[in-house]
Structures are given as C-alpha cells and as structure tokens.
Amino acid sequence: MQRLLFGPEIFFFSAVIVFTILAMRPVRDPRAVFFTALFLAAAGMVVCLAAVRSEGLLFGGTYSVDLYSQVFKVMLSMGLFLVVCICPDLGGVDRKVHPEFYLLLFACTLAMTMLVSAVHLLTIYVALELSSYSLYILVALQRRQESGLEAGLKYFLIGVCASAVMLFGLAILYGSVKAVYLRELVQVLPGAIERPLVLVGLVLSLGGFFFKLAVFPFHFWAPDVYQAAPNQVAAFIASASKVAAVAILMRFVAISGNSAYLAQTLAALAIVSMTVGNLAAVAQKDFNRLMAYSSIAHAGYVLIGILSMNAAGYAATIFYALSLLLMKFTCFLVLVKVAGDGGSLQIDQLAGLHRRSPLLAMALMLALFGLAGIPPTIGFTGKLLVFVAAMQQGYFTLVLIAMINVVISLYYYMLVIKAAYLLEPVHDLPALFISAPVKFLTGALVTAMVVIGIFPTHLIELARAAARFLALTL
C-alpha cells in the first residue's frame with residue numbers, strides 16, 4: 001500500500017502535464033480534448049478509491065496520508081469527474097483554450113488533494129494559493145470577456161486580501177508558539193489559546209479557509225463569480241472547492257484544543273453567514289446569484305458542525321460536505337442544460353421545465369429539497385447530524401437560529417420549484433435534448449440523494465472513522 005501513498009497526487013500531476021502538452025498544439029477537435037479529460041477524471045477517481053486505506057507520513061512529516069485525507073480526496077475526484085461530465089459543449093469558454101481550461105481544472109484538483117493532506121503551515125499556504133490562482137484564471141476564461149474578467153479580478157483581489165490576512169495570522173501564530181507542524185501546534189495551542197495574541201493569530205489564519213468557504217465577511221466575491229464565470233467553473237467552485245475548504249478548516253480548528261473563545265467566534269460567523277446568505281437569496285431573480293447566496297448560508301451550517309469540536313461534529317461535517325457536493329452539482333447540472341450558452345439563468349427561465357424535461361425538473365426539485373433540509377433527502381440527514389452534534393455540546397440557541405434560517409431558505413427554494421413546475425413560459429419552448437449519458441448521470445444523482453438520505457448508515461460510519469483519524473494524526 002505504500003506505493004499508493006502519493007498515488008492520487010502523482011496521477012493528477014501527470015494529467016496536468018498531458019493538458020500542458022495539448023495546450024501547446026492547435027485545437028482541431030474539442031471533443032477529443034473533452035473525452036481525454038473525461039477518461040483522466042474517471043481514472044483519477046479510481047486511483048483515489050484504490051488509495052483510500054493508505055496511511056503514512058511523507059516529506060519530513062509535512063504531508064499526512066490517512067483515512068481522513070483520503071476520504072476527502074475521493075470526494076474531490078468525484079467532484080472533478082462530475083464537473084467534467086457537463087463539459088462536452090463548454091459554451092462559456094472559447095474552443096481555443098479548452099486544453100487550458102482542463103489543465104487549470106486538474107491543477108486546482110491537484111492543489112486541493114495536497115491541501116487536505118497538508119499538516120505544515122507552509123505546505124497548507126502553498127497548496128491553498130495554488131488552488132485559488134487556478135480558480136481565478138478559470139473564472140476569467142468566460143467568453144463574455146468583460147463580465148468574466150471583471151468577476152475574475154474581483155475574485156482575485158478579495159482572495160489576495162484573504163491570503164494576506166491568513167499569512168499575517170500564520171506569522172503571529174508562529175511568532176507566539178514557535179511551531180509550524182500541526183502535531184506540534186495541537187500540543188502547545190490548548191495551553192496558550194487564552195493569550196489574546198495567539199487567539200487573534202489563529203482566527204486570522206482561518207481567513208484563507210473562510211474565503212474558500214465563502215464565510216462572512218469573505219463572501220463578497222461569490223455572487224458576481226457565480227453569475228459571470230462559465231457555469232461549469234461555478235459548479236466546480238460550489239461543490240469541489242468547498243469540500244477542500246471544509247477539510248482543512250476542520251484540521252485547523254481541531255488543533256485549538258476545544259477553545260471556547262474560538263467556538264464563540266465561529267458561532268458568531270455561522271449566525272451572520274446563515275442570516276446574510278438566506279436573506280439576500282430571497283431577493284434574487286438570477287439563479288446563479290441565488291446559488292451563491294445559498295452557498296454562503298450553507299457555509300454557516302458547516303461551521304455549526306465544526307465548532308462542536310468533537311468526533312460527532314466532525315463526522316457530521318464530513319457527511320454534510322458530501323451532501324453539498326451532490327446537491328450543488330445537481331443544481332448546476334440543470335442550470336448548464338437549461339442555459340445552454342454558458343450564461344447565467346434567470347429563475348423565470350425555468351418556467352415549464354417539467355414539460356421540457358421531467359427528469360431535470362425532478363432532479364432540481366430533489367436537490368433544492370435537500371438544500372432546504374426536507375426528508376428523505378441526503379440534505380435532511382446532513383443537517384440533522386450537524387444540529388444533533390451541536391445540541392450535544394449545548395448550542396441550543398445556535399441550532400434554533402439555524403432552524404429559523406432553514407425556514408427562510410425554504411421560501412426561496414420553493415420559488416425556484418414553483419417556476420419549474422407551476423409557471424408557464426411566455427413563449428412555447430422546445431423540449432430539452434438530454435443525451436443518454438446525461439440522463440444516466442441525472443438518474444444516478446437523484447437515486448443517490450434519496451437512497452443515501454434513507455440509508456446513510458455506511459457513509460456515516462465511514463465519516464466517523466475519518467473523524468477519528470483526524471484526532472489521531474494531529
């Protein structure tokens with residue numbers, strides 16, 4: 001099994017080399033580039049699955065391979081594969097840069113697989129920056145140059161600010177406790193966390209992860225980026241990149257030694273993120289922007305699981321990350337097929353979707369039900385696990401506020417479902433052509449969201465085992 005320790009990273013690096021070579025040649029057949037990406041993404045998922053039980057330390061102890069990191073790598077490879085599946089047309093990206101598009105997509109995945117295994121402050125920072133810069137460029141590849149470049153620039157500027165805040169926090173943290181390995185920090189931080197300088201350094205260090213997760217106040221980039229980026233890129237940001245952010249955020253919070261001060265800070269950020277995200281989403285008419293504000297709200301729910309700071313909370317957060325990956329991607333799959341040209345989608349453009357494509361309408365309805373936390377979907381199970389973990393730690397008021405936000409979110413999700421099922425389009429629209437592979441993929445997603453919601457036991461046990469490894473490897 002030792003040879004598989006660095007297998008996923010080597011594979012994704014090799015895929016980056018492949019697309020670097022393809023980018024040096026004129027693009028004659030975009031379909032060939034797509035099928036190459038699809039094959040490599042599928043193979044990457046197989047490699048990650050084969051390496052899921054690998055364990056060990058690499059590169060002088062700066063890189064930890066364990067069940068915790070490997071589970072997240074499987075989710076990241078799954079997110080990459082799903083996003084590539086909706087890229088055969090790639091209407092929002094000029095065909096000349098299709099190889100560069102896939103190169104950046106695989107490079108970002110490589111960086112995120114490194115991020116979830118990083119256990120050294122410098123390794124964490126470098127991996128986070130590599131993934132972020134790949135996304136900045138992907139957003140700017142939008143064919144509508146003005147909107148894409150503007151959104152990419154805004155994403156870049158806010159990301160640079162978050163990076164600077166994080167780097168300053170890491171410097172304060174190192175200067176205060178003289179440790180750079182997470183296994184060293186977990187030994188010294190619990191006794192030093194009450195010192196104001198150490199707590200400030202830790203909170204500032206989390207800024208980069210808050211940016212990736214779109215937590216308030218690092219969320220301002222999300223609505224513009226989701227609206228202006230190619231829809232496939234927005235899907236990748238909404239699903240896979242959030243998984244990586246959850247993984248490294250949990251690692252960092254776990255080293256604090258159950259600090260009450262940090263828990264209170266995370267609780268305040270969770271409340272503000274949930275409330276701002278849901279209230280802003282109510283007023284949205286653009287489906288892309290609505291999904292962005294929904295992501296901000298769900299970042300708050302994720303923080304509820306993390307601030308529990310126990311095995312149950314971490315396991316619930318891992319399961320919730322998987323549920324968000326499936327539900328968010330399903331929403332963007334529908335968006336890509338309905339929008340077609342790669343642009344953003346107004347909610348009223350979903351009118352009559354149940355007649356144009358009953359399968360897509362059902363997939364959208366179930367995904368939105370899951371995001372709202374309605375049983376028997378995977379989203380309900382995820383929210384239940386997160387809220388139960390928080391209640392066990394005595395966060396009754398926080399869970400009550402979260403439940404109020406769930407009710408608010410139900411309103412705007414229902415507006416989308418109303419458009420798809422009850423509104424009539426202004427003009428008669430033709431039926432949507434859905435290829436057999438996309439039908440199969442949509443059916444698989446619908447089945448997964450319902451079946452996992454009803455029978456989540458095996459995945460919950462896997463999440464618990466991964467959470468135990470989180471504690472053991474620090």
Could you tell me whether Trp221 and Phe156 have their ring centroids closer than 6.0 angstrom?
no

Tightest non-hydrogen contact, residues Tyr314 and Ile306, listed as CE2-O, 3.7 Å

Next on the checklist: Please check this pair: side chain of Ser134 against backbone of Leu130, looking for a donor-acceptor N/O pair closer than 3.5 Å.
Outcome noted: yes

* **Row check, Tyr301 ring normal vs Lys383 NZ/CZ: under 6.0 Å, within 45°** => yes

Sorted by chain and residue number, the side-chain contact (heavy atoms from CB on, under 4.5 Å) partners of Met403 (sequence neighbours excluded) come out as Phe387, Val399

Here the pair of heavy atoms bringing Ala321 nearest to Val246 is CB-CG1, 4.3 Å

- Item | Steps toward side-chain hydrogen bond (donor to acceptor under 3.5 Å, both in side chains) verdict (Lys212, Ser241) | CA-CA 7 Å; Lys212 293 286 284 186; Ser241 72; 5.0 Å; no

Nearest heavy-atom contact between Ala316 and Val386 is CB-N, 3.7 Å

Heavy-atom donor-acceptor pair, Thr275 side chain to Val272 backbone, under 3.5 Å: no

Checklist entry - Does any donor atom in the side chain of His219 or Tyr293 lie under 3.5 Å from an acceptor atom in the other side chain? => result no

All heavy atoms of Phe469 vs all of Tyr68, minimum pair found to be CB-N, 4.0 Å

- Message: In terms of relative ring orientation, are His298 and Tyr413 parallel, tilted or perpendicular, with 30° and 60° separating the classes?
- Response: tilted

Pair Asn288-Asn231, side-chain contact (heavy atoms from CB on, under 4.5 Å): steps then yes or no:
CA-CA 8 Å; Asn288 296 61; Asn231 288 327; 3.0 Å; yes

- Message: Check whether Asp286 reaches the backbone of Gln346 with its side chain - one donor and one acceptor, N or O, closer than 3.5 Å.
- Response: no

What one should report as the nearest heavy-atom pair of Val84 and Ala37 is CG1-C, 3.8 Å

Result for side-chain contact (heavy atoms from CB on, under 4.5 Å) between Pro8 and one of Ser69, Cys48, Ser117 points to Cys48

* Asked: Side chain of Gln284, backbone of Ala281: donor and acceptor closer than 3.5 Å?
  -> no

Q) Any Lys/Arg nitrogen of Asp66 or Lys73 sitting under 4.0 Å from an Asp/Glu carboxylate oxygen of the other? A) no

Task: Side-chain (Lys242) to main-chain (Leu325) donor-acceptor, under 3.5 angstrom - done: no

- Quick one: does Asn310's side chain have a donor or acceptor within less than 3.5 Å of a partner on Ala389's backbone? no

- Query: side-chain contact (heavy atoms from CB on, under 4.5 Å) between Leu67 and Glu55: does it pass, once the steps are laid out?
  - Reply: CA-CA 7 Å; Leu67 183 61; Glu55 293 179 39; over 6 Å; no

message: Under a 3.5 Å distance rule, please check whether Gln232 uses its side chain to pair with a backbone N or O of Ile86 as donor and acceptor.
response: yes

Taking every heavy atom of Cys85 against every heavy atom of Leu38, the minimum-distance pair comes out as SG-CD1, 3.8 Å

Q. Going by atom types alone, do Ser357 and Lys337 pair a side-chain donor with an acceptor below 3.5 Å?
A. no

_Working note: Phe106 + Phe19, criterion ring-ring contact (aromatic ring centres under 6.0 Å, His included); need CA distance, chi angles, decisive distance, verdict._
CA-CA 9 Å; Phe106 277 83; Phe19 285 109; 5.3 Å; yes

*Carefully, step by step, assess Ile452 and Thr381 under the rule side-chain contact (heavy atoms from CB on, under 4.5 Å).*
CA-CA 9 Å; Ile452 297 175; Thr381 306; over 6 Å; no

Evaluate the criterion ring-ring contact (aromatic ring centres under 6.0 Å, His included) for residue pair Phe332 and Phe329; output intermediate values, then yes/no.
CA-CA 5 Å; Phe332 276 95; Phe329 173 78; 8.6 Å; no

Only one of Leu128, Ile124, Val116, Val253 passes side-chain contact (heavy atoms from CB on, under 4.5 Å) with Ile248, and that residue is Ile124

- Message: Please evaluate residues Leu135 and Phe236 with respect to the criterion side-chain contact (heavy atoms from CB on, under 4.5 Å), reporting the C-alpha separation (whole Å), side-chain torsions for both, the decisive distance (0.1 Å), and the verdict.
- Response: CA-CA 9 Å; Leu135 291 176; Phe236 189 74; 3.8 Å; yes

Notebook entry, point to check: Would you say Phe13 has more than 12 foreign heavy atoms packed within less than 6.0 Å of its CZ?
Noted result: no

Strictly by modelled atom types, are Tyr412 and Asn278 linked by a side-chain donor-acceptor pair under 3.5 Å? yes

Mark yes or no for whether Thr123, through its side chain, and Val119, through its backbone, hold a donor-acceptor pair below 3.5 Å. no

Do other residues, nucleotides or ligands put more than 12 heavy atoms under 6.0 Å from the CZ atom of Phe59? yes

Worksheet item: Can you check whether Gly159's main-chain N or O pairs, donor with acceptor, with Ser163's side chain at less than 3.5 Å?
Response: no

Say whether, by atom type as modelled, one donor and one acceptor occur between the side chain of Ser273 and the main chain of Leu269 under 3.5 angstrom. yes

